[in-house]
Amino acid sequence: MDHAADAHRTDLMTITRFVLNEQSKYPESRGDFTILLNHIVLGCKFVCSSVNKAGLAKLIGLAGEINIQGEEQKKLDVLSNEVFIKALVSSGRTCILVSEEDEDAIIVEPSKRGRYCVVFDPLDGSSNIDCGVSIGTIFGIYMVKDDHEPTLADVLQPGKQMVAAGYCMYGSSCTLVLSTGKGVNGFTLDPSLGEFILTHPDIRIPKKGKIYSVNEGNAKNWDGPTAKYVENCKFPKDGSPSKSLRYIGSMVADVHRTLLYGGTFMYPADKKSPSGKLRALYEVFPMSFLMENAGGQAFTGKQRALDLVPTKIHDRSPIFLGSYDDIEEIKALYAAEGKKE
């Protein structure tokens, strides 16, 4: 890549231009999705700005409230949640919102309703705020098919019904990764322009990776297949090199690295968390949607992650996602375990 020439490019593919180009392929499109996405992008820019000056603005530290998950809320969590709710409602294109921070789904008032349901984690990895580790926003979008009063049934759908999903990572740079069901593209915020520019077109995860990502502090509680897979990563019996362990503890950052470099990200069910720890609707589904659209796989230990049907908006699920061949190996270990039982 010619970075010098790149720095002087004048034909910039912004995220808005990219989505408008995609929209032009569908003559029946009314532009609602483009408007909705613009409001999500605005929310991401606002949160990015707040994250960058969090220490100066005294936004780090606890806000003194407990969210629905029983986790203490950080001040930035509260701010980010408010920003996204207001941005999504004001778009006039949403009818139901589900946030990690709110116990109940938000039904948008009739005068501001649209056809989309948005599920989101406004600030994933917030326990890492105070030590400067990358954090992010995760979102998934469903469409309401019929004209009816919105209900929870509109969002309690399997992840394969999503029409789009993405995340925005606030790190050394601000990166937004998006899929509308046809490939995955990454955009980086240019602070001088205030625009997200296409920097990672058509992301494809390597078919096999050299990295595994898991919290090994939970190893004593793992089931057999998870323990066996991690043992194979460390002590491969086929003569291949050992895999490297990389675990940040911020899902957006761990999945972003997995998407670009390949390998596996795992948060399995265990004795301590038999249903897994990550939330299905706004963590597992969007990341699985992105992974599949980039050529990878996502598996719960029992089934394809995107086939899972949640019964409550804050349901949890185990997850193994990443390179196609690596997830095939995990699936084989679970299948072998099933035959023994």
Do [X] and [Y] have a side chain donor and acceptor closer than 3.5 Å?
X: Gln297; Y: Glu328; result: yes
X: Asn185; Y: Asp202; result: no
X: Asp223; Y: Thr226; result: yes

Discussion item. Taking side-chain contact (heavy atoms from CB on, under 4.5 Å) as the criterion, tell me which of Ile319, Ile138, Val177 meets it with Met287.
Written reply: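 Answer to the side-chain contact (heavy atoms from CB on, under 4.5 Å) test with Met287 among Ile319, Ile138, Val177: Ile138.
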
Discussion item. Which residue is it: Leu189, Leu176, Thr188? I am looking for the one with a side-chain contact (heavy atoms from CB on, under 4.5 Å) to Ile15.
Written reply: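 The residue from Leu189, Leu176, Thr188 that satisfies side-chain contact (heavy atoms from CB on, under 4.5 Å) with Ile15 turns out to be Leu176.
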
Quick one: closest heavy-atom pair of [X] and [Y], and the distance?
X: Thr300; Y: Ser317; result: CG2-OG, 3.7 Å
X: Ala87; Y: His39; result: O-CD2, 3.1 Å
X: Ala305; Y: Ser288; result: CB-OG, 3.5 Å

Worksheet item: Is the ring centre of Tyr334 less than 6.0 Å from the ring centre of Phe320?
Response: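 Yes: the rings meet the under 6.0 Å criterion.
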
Practice prompt. Establish, yes or no, whether a centroid distance under 6.0 Å links the rings of His200 and Phe187.
Written response: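 Not under 6.0 Å, so no.
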
Worksheet item: Counting N and O atoms only, with roles assigned by atom type, does the side chain of Arg17 sit under 3.5 Å from a partner on the main chain of Leu12, one being a donor and the other an acceptor?
Response: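 Present.
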
Item to complete: Tell me whether Ile40 is reachable from Leu79 by hopping between hydrophobic residues (I, L, V, M, F, W, Y) whose side-chain heavy atoms are closer than 4.5 Å.
Response: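 They do share one cluster, since a chain of ILVMFWY contacts under 4.5 Å joins Leu79 to Ile40.
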
Worksheet item: Shared ILVMFWY cluster between Leu42 and Phe18, side chains joined below 4.5 angstrom?
Response: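 No, separate clusters.
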
Practice prompt. For Asp124 and Thr137, run side chain to side chain donor-acceptor pair (under 3.5 Å): C-alpha distance rounded to whole Å, both residues' side-chain angles, the deciding distance at 0.1 Å, then the answer.
Written response: CA-CA 6 Å; Asp124 178 74; Thr137 298; over 6 Å; no

Exercise answer: donor-acceptor pairs, residues 152-161 side-chain atoms, under 3.5 Å, sequence neighbours excluded:
from, atom 1, to, atom 2, distance (Å)
Asp154, OD1, His148, NE2, 3.1
Asp154, OD2, His148, NE2, 3.1
Asp154, OD2, Thr151, N, 3.0
Gln157, NE2, Asp154, O, 2.6
Lys160, NZ, Asp307, OD1, 3.3

Discussion item. Using the rule given for side chain to side chain donor-acceptor pair (under 3.5 Å), can you reason through Glu195 versus Thr14, listing the C-alpha separation, both sets of side-chain angles and the distance that settles it, and then say yes or no?
Written reply: CA-CA 7 Å; Glu195 290 280 5; Thr14 66; 4.7 Å; no

Worksheet item: Around atom NZ of Lys208, are there more than 12 heavy atoms of other residues, nucleotides or ligands at under 6.0 Å?
Response: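 Result for NZ/Lys208: enclosed.
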
Worksheet entry | side chain to side chain donor-acceptor pair (under 3.5 Å) between Lys272 and Asn218, worked out | CA-CA 8 Å; Lys272 194 171 66 173; Asn218 294 328; 3.2 Å; yes

When the side chains of residues 250-267 are checked against the rest of the protein, which donor-acceptor pairs come out under 3.5 Å, sequence neighbours left out?
from, atom 1, to, atom 2, distance (Å)
Ser250, OG, Ser134, O, 2.7
Asp254, OD1, Ser213, OG, 3.2
Asp254, OD1, Ile248, N, 3.0
Asp254, OD1, Arg257, NH1, 3.0
Asp254, OD1, Arg257, NH2, 3.2
Asp254, OD2, Ile248, N, 3.2
Asp254, OD2, Gly249, N, 3.0
His256, ND1, Tyr167, OH, 2.7
Arg257, NH2, Ser213, OG, 3.1
Arg257, NH2, Arg246, O, 3.2
Thr258, OG1, Asp254, O, 2.8
Thr264, OG1, Tyr229, OH, 3.4

Discussion item. For Phe120 and Phe84, take the angle between the two ring planes, folded into 0 to 90°, and tell me which bin it lands in: parallel under 30, tilted 30 to 60, perpendicular over 60.
Written reply: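 Aromatic pair Phe120/Phe84 classed tilted.
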
